[in-house]
Amino acid sequence: MLRRRTVLASMAASVATPALAQSYPNKPITLIVPFAAGGPTDVVARLVGERMGKELGQQFIIDNTTGAAGSIAVGKAVRAAPDGYTVQIGHVGTNVANGTIYKNLNYDLLTDLAPIARLPQNPMLVCSSLQVPAKTLKELVEYLKVNPDKIPGGTAGMGSGSHLGALAFFAATGTSYQLIPYRGTGPAMQDLVGNQIQVMVDQSSNSLPQVRAGKIRAYGITAKTRSNAAPDIPTAAEAGYPMEVSIWHGLWAPKGTPSEIIDRLNKAAIAAMQDSDVRHRLEDLGQDIPTPAEMAPAAFAAFHKEEYARWKKILEAANVKIE
Ligand code: ASP
């Protein structure tokens, strides 16, 4: 009897899955964004979500769930129904570094979410407010060395991209600044412009528009080569302090989301990345667009795993953890 019930239950599940996938999507899809509106993750989410929505014939509704460097948002995605109506955008901080840094996460970043697609990545800019007297990266380092750990700097919390950028900066320069956590580097950027904080290392997508507007100063880019979007900004290595950090983004669904639905979402994400208007807007912000092959769920899962192991080593060596 028990066996018969199990067989019937599994038949019902296998019938239900294609039916669900066929009618999918028949209502708006929630896109969980782990940081505040107006910041770099939010900008990528809105651009990609809007285009994916067109592709799928349903709107993507942005849900900015902030706090604990994105780990609250990821928890919300893990607990959501695996029906394709909740997806989460994240990056190398929220879905990689946090797994090593936060010892009390009640989910596993590598197994509790299903990868949908890799999304663009961008280097970071070492920046300051215009009130900081330093004109070069060397001068900025000298300025910070006078008061290590005292000059206020912005991050989106321990484990965020801007925290990883700060750690790379500290390692490369032998100095440090005070890490002030925000709910995203959108609000932190407003405070950098207003000089409430003085330094930040953040994605080019957030810092470049302010540099172009003459509202903050950039000293170096955390990449091997200069960016086409900002050819005047030297690499950190050219400015005397080699450091490379690239913040890649990705899209995930709760574990158990039917593979047909993951496939539909993946195709929509690829279509968004191939759209010339979306590409142009992302590239103008210094973002590199992944190829369709890199965006395939299996390729993305393998990349995610490698990145997880790579950052675990770096963060454990730096002894960064939160109990
Ligand atoms: N760029 C931020 C970070 O430091 C987060 C954000 O606001 O998108 O991870």
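Both counts, for ligands and for their atoms, begin at 1 and track the order of listing.
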**Message:** Could you tell me, atom by atom, which parts of ligand 1 come under 4.0 Å of a heavy atom of S160?
**Reply:** 3 (C), 4 (O), 9 (O)
**Message:** With a 6.0 Å cut-off (strictly less than), is the heavy-atom count around CD of E307, excluding the residue itself, greater than 12?
**Reply:** yes
**Prompt:** Hey, is H163 touching ligand 1 through its side chain, its backbone, both or neither, going by heavy atoms under 4.0 Å?
**Reply:** neither
**Prompt:** Does the pair R212/D284 count as a salt bridge with the N-to-O cut at 4.0 Å?
**Reply:** yes
**Prompt:** Any N or O of T185 that comes nearer than 3.5 Å to an N or O of ligand 1?
**Reply:** yes
**Request:** Return yes if a side-chain donor-acceptor contact under 3.5 Å exists between D202 and T185, otherwise no.
**Result:** yes
**Message:** For a quick test of reading the model, state the closest non-hydrogen atom pair linking A223 to P123 and the distance between them.
**Reply:** CB-CB, 3.9 Å
**Complete:** So the atoms of ligand 1 within less than 4.0 Å of a heavy atom of P40 turn out to be 1 (N), 6 (C), 7 (O), 8 (O)
**Closest protein heavy atom to atom 1 (N) of ligand 1, given as residue, atom name and distance to 0.1 Å** = Q203 OE1, 2.5 Å
**Asked** For ligand 1, is any non-hydrogen atom under 4.0 Å from D202's backbone (N, CA, C, O), its side chain (CB onward), both, or neither?
**Response** side chain
**Complete:** The closest protein heavy-atom partner of atom 3 (C) of ligand 1 is G161 N, 3.5 Å
**Prompt:** Taking the inter-plane angle between the rings of W248 and F300 on a 0 to 90° scale, is it parallel (under 30°), tilted (30 to 60°) or perpendicular (over 60°)?
**Reply:** perpendicular
**Atom indices of ligand 1, in the order listed, that fall short of 4.0 Å to a heavy atom of A156** = 2 (C), 3 (C), 4 (O), 5 (C)
**Message:** Distance under 4.0 Å to a non-hydrogen atom of G184: what atoms of ligand 1 satisfy this?
**Reply:** 7 (O)
**Request:** Look at atom 8 (O) of ligand 1 and say which protein heavy atom is nearest, naming residue and atom and giving the distance to 0.1 Å.
**Result:** T41 OG1, 2.6 Å
**Request:** Using a strict cut-off of less than 4.0 Å between a Lys/Arg side-chain nitrogen and an Asp/Glu carboxylate oxygen, indicate whether K145 and E142 qualify as a salt bridge.
**Result:** no
**Prompt:** With distance as the sole criterion, is a donor-acceptor pair present between the side chains of Q198 and Y143 under 3.5 Å?
**Reply:** yes
**Prompt:** Taking N or O atoms only and a 3.5 Å limit, does H91 qualify as a polar contact for ligand 1?
**Reply:** yes
**Complete:** In short, A81 meets P254 closest at the heavy-atom pair O-CG, 3.8 Å
**Request:** Looking only at protein heavy atoms, identify the closest one to atom 4 (O) of ligand 1 and say how far it is in Å.
**Result:** S162 OG, 2.5 Å
